[in-house]
Amino acid sequence: MQPLEHIDDVAEPAAVKLGRAIVVTSGKGGVGKTTTTANLGTALAQRGARVAVIDADVGLRNLDIVMGLESRVRHHVLDVLEEKVSLDEALVPDKNSATLFLLAAAQEREKDDVDTEKMRALVARLREQFDYVLIDSPAGIERGFQNAVVGAQEAIVVCTPEVSAVRDVDRVVGLLGNQFHPQLIINRLRPQLVRKGKMLSVEDVNAILRLPLLGVIADEPEIVVTTNRGTPLALDGTNKTGAAYQAIAARIAGEDVPAPTVEIRESFADRLSAFFGGRRS
């Protein structure tokens, strides 16, 4: 840290430390961006950080449901951008983490209603108040995507182990460019399908994308259950998936911890099938 400079023995005021604005994106819909945003926001808040999560999917609001906050939403992001309410009035406090807040999307408006420059200014305001601003990007690469990334400095891309999802992420990464320092989360990996060669492996995905790997999340039934209940799995560090989200949050925060992975072990049935298959050949 550089020493403070003094002019006439009076120290200049320190610059305001801005939080990190991170867009969570993929290009393709249905890969788990919203669930990822909710769980990472929760995990970062559990670490004591002040976190704001923004649902930028105007017209298709879902982040409030995943976080179990739908009954608390009174105002949305367009109300703030159009100066109908203050930012503080629109921010919804989380029911589990005291330092986590949601800015919901508008359900009955269109993505074209968002003024992109006002969105940039809004994210800048949030960076003054929060350590992290996570922006849940809508599917596609059109206006909604542009509104989601405009105020961000970093990107987390979520990709499922499918050829179509990898292709879409590759396109999004090209649009983002290196200035967003994109990092990768591989979501919904099924070890049994990887073993059988019916799903891309982590190595297959990153042989194409070549991005820093934040972590891998398995496709587990409890994710759907907790999502429907509005209780992010990141609240439960004893659960493997919850612990994986917490480890990813630690990596985002700069801790030198291993990226969580999903073990791909050959089952007894796989070995038996290979044995008899080899004998028949």
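What you are looking at is a predicted structure, and each value in this text was computed from that prediction instead of being measured.
A 4.5 Å side-chain heavy-atom check between Pro260 and Ile248 finds at least one atom pair inside the cut-off. In this structure, the side chains of Asp236 and Tyr245 stay at 4.5 Å or more apart for every pair of heavy atoms. Using a 4.5 Å cut-off on side-chain heavy atoms (C-beta onward), Ile185 and Val157 make no contact. The closest side-chain heavy-atom distance from Ile252 to Ile22 is below 4.5 Å. Contact check for Val114 versus Leu81: side-chain heavy atoms found under the 4.5 Å cut-off. A 4.5 Å side-chain heavy-atom check between Glu89 and Arg74 finds every atom pair outside the cut-off. Side-chain contact between Glu263 and Pro191: absent, with no pair of heavy atoms (C-beta onward) separated by less than 4.5 Å. Looking at heavy atoms from C-beta onward, Val172 lies in side-chain contact with Phe145 at the 4.5 angstrom threshold.
With sequence neighbours excluded, no residue forms a salt bridge (Lys or Arg N to Asp or Glu O under 4.0 Å) with Asp79. Partners of Arg61 according to the salt bridge (Lys or Arg N to Asp or Glu O under 4.0 Å) rule, which considers only residues two or more places apart in sequence or in another chain, are Asp64. For Ser164, the side-chain contact (heavy atoms from CB on, under 4.5 Å) partners are Lys28, Glu162, not counting sequence neighbours. Residues that satisfy the side-chain contact (heavy atoms from CB on, under 4.5 Å) test with Gln129, not counting sequence neighbours, are Leu87, Asp88. For Ser97, the side-chain contact (heavy atoms from CB on, under 4.5 Å) test picks out Thr42, Ala45, Gln46, Asp94, Leu100, Leu235, with sequence neighbours left out. Arg47 pairs by the salt bridge (Lys or Arg N to Asp or Glu O under 4.0 Å) definition with Glu255, not counting sequence neighbours. Partners of Glu203 according to the side chain to side chain donor-acceptor pair (under 3.5 Å) rule, which considers only residues two or more places apart in sequence or in another chain, are Ser201. Here Thr99 pairs with nothing under the side chain to side chain donor-acceptor pair (under 3.5 Å) rule; sequence neighbours left out. Partners of Glu82 by salt bridge (Lys or Arg N to Asp or Glu O under 4.0 Å), not counting sequence neighbours, listed by chain and number: Lys84, Arg109.
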Requested in this report: Decide yes or no on side chain to side chain contact (heavy atoms under 4.5 Å, CB included) for Leu69 and Val92, but give the supporting numbers first.
Outcome: CA-CA 8 Å; Leu69 299 176; Val92 179; 4.3 Å; yes

Report task. Dump the intermediate steps for side chain to side chain contact (heavy atoms under 4.5 Å, CB included) on Leu134 and Ile54, then the final yes or no. Result -> CA-CA 6 Å; Leu134 302 184; Ile54 305 175; over 6 Å; no

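The side-chain tip of Arg50 points at the ring of Phe130 from less than 6.0 angstrom away and within 45° of straight on.
For Asp113 (side chain) and Glu110 (main-chain N/O), a donor-acceptor pair under 3.5 Å exists by modelled atom type. Looking at Asp168, its side chain never comes within 3.5 Å of a backbone N or O of Gly27 through a donor-acceptor pair. The closest donor-acceptor contact from the side chain of Thr226 to the backbone of Ile223 lies under 3.5 Å. When atom types are taken as modelled, the side chain of Asp57 and the backbone of Ser137 share no donor-acceptor pair closer than 3.5 angstrom. Listed for the Gln107 side chain is no donor-acceptor partner under 3.5 Å among the backbone atoms of Ala105.
Between Val149 and the choices Leu176, Ile135, Thr25, the side-chain contact (heavy atoms from CB on, under 4.5 Å) rule is met once, by Leu176. Applying side chain to side chain donor-acceptor pair (under 3.5 Å) to Glu154 and the options Arg20, Gln183, His181, Gln179 leaves one that passes, Arg20.
Asp136 and Thr34 share a side-chain donor-acceptor pair at under 3.5 Å.
When all heavy atoms of Asn39 and Ala234 are compared, the pair lying nearest together is OD1-N, 2.9 Å. Smallest separation of non-hydrogen atoms from Thr36 and Gly32: OG1-O, 2.7 Å. A pairwise comparison of heavy atoms in Ala43 and Gln246 identifies CB-CA, 4.1 Å as the closest pair. Summarising the geometry of Ala106 relative to Val77, their closest heavy-atom pair is N-CG1, 4.5 Å, with the distance given to 0.1 Å. Nearest approach of Ala244 to Ile217, heavy atoms of both residues: CB-CD1, 3.7 Å. Shortest non-hydrogen contact noted between Pro182 and Val173 is CG-CG1, 4.3 Å.
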Identify every side-chain donor-acceptor pair in residues 205-214 under 3.5 Å, counting partners at least two apart or on other chains, and give the distances.
residue: Asn206; atom: OD1; partner: Arg210; partner atom: N; Å: 3.3
residue: Asn206; atom: OD1; partner: Leu211; partner atom: N; Å: 3.1
residue: Asn206; atom: ND2; partner: Leu211; partner atom: O; Å: 2.9

Quiz: residues 116-124 side-chain donor-acceptor pairs under 3.5 angstrom, not counting sequence neighbours:
residue: Thr116; atom: OG1; partner: Arg143; partner atom: NE; Å: 3.4
residue: Thr116; atom: OG1; partner: Asn147; partner atom: OD1; Å: 2.7
residue: Glu117; atom: OE1; partner: Arg120; partner atom: NE; Å: 3.0
residue: Glu117; atom: OE2; partner: Arg120; partner atom: NH2; Å: 3.1
residue: Arg120; atom: NH1; partner: Val150; partner atom: O; Å: 3.4

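Both Ile264 and Met199 sit in one connected hydrophobic cluster of ILVMFWY residues. Membership requires side-chain heavy atoms under 4.5 Å apart, directly or through other members. When hydrophobic clusters are built by joining Ile, Leu, Val, Met, Phe, Trp and Tyr residues whose side-chain heavy atoms come closer than 4.5 Å, directly or via intermediates, Ile156 is not grouped with Leu175.
Sorted pairs that involve residues 68-90 and meet ring pair (Phe, Tyr, Trp, His ring centres under 6.0 Å), not counting sequence neighbours, are lacking altogether.
The number of heavy-atom neighbours closer than 6.0 Å to CD of Glu142, taken from other residues, nucleotides and ligands shown, is 12 or below. Counting non-hydrogen atoms of neighbouring residues, nucleotides and ligands closer than 6.0 angstrom, the CZ atom of Arg72 exceeds 12 such neighbours.
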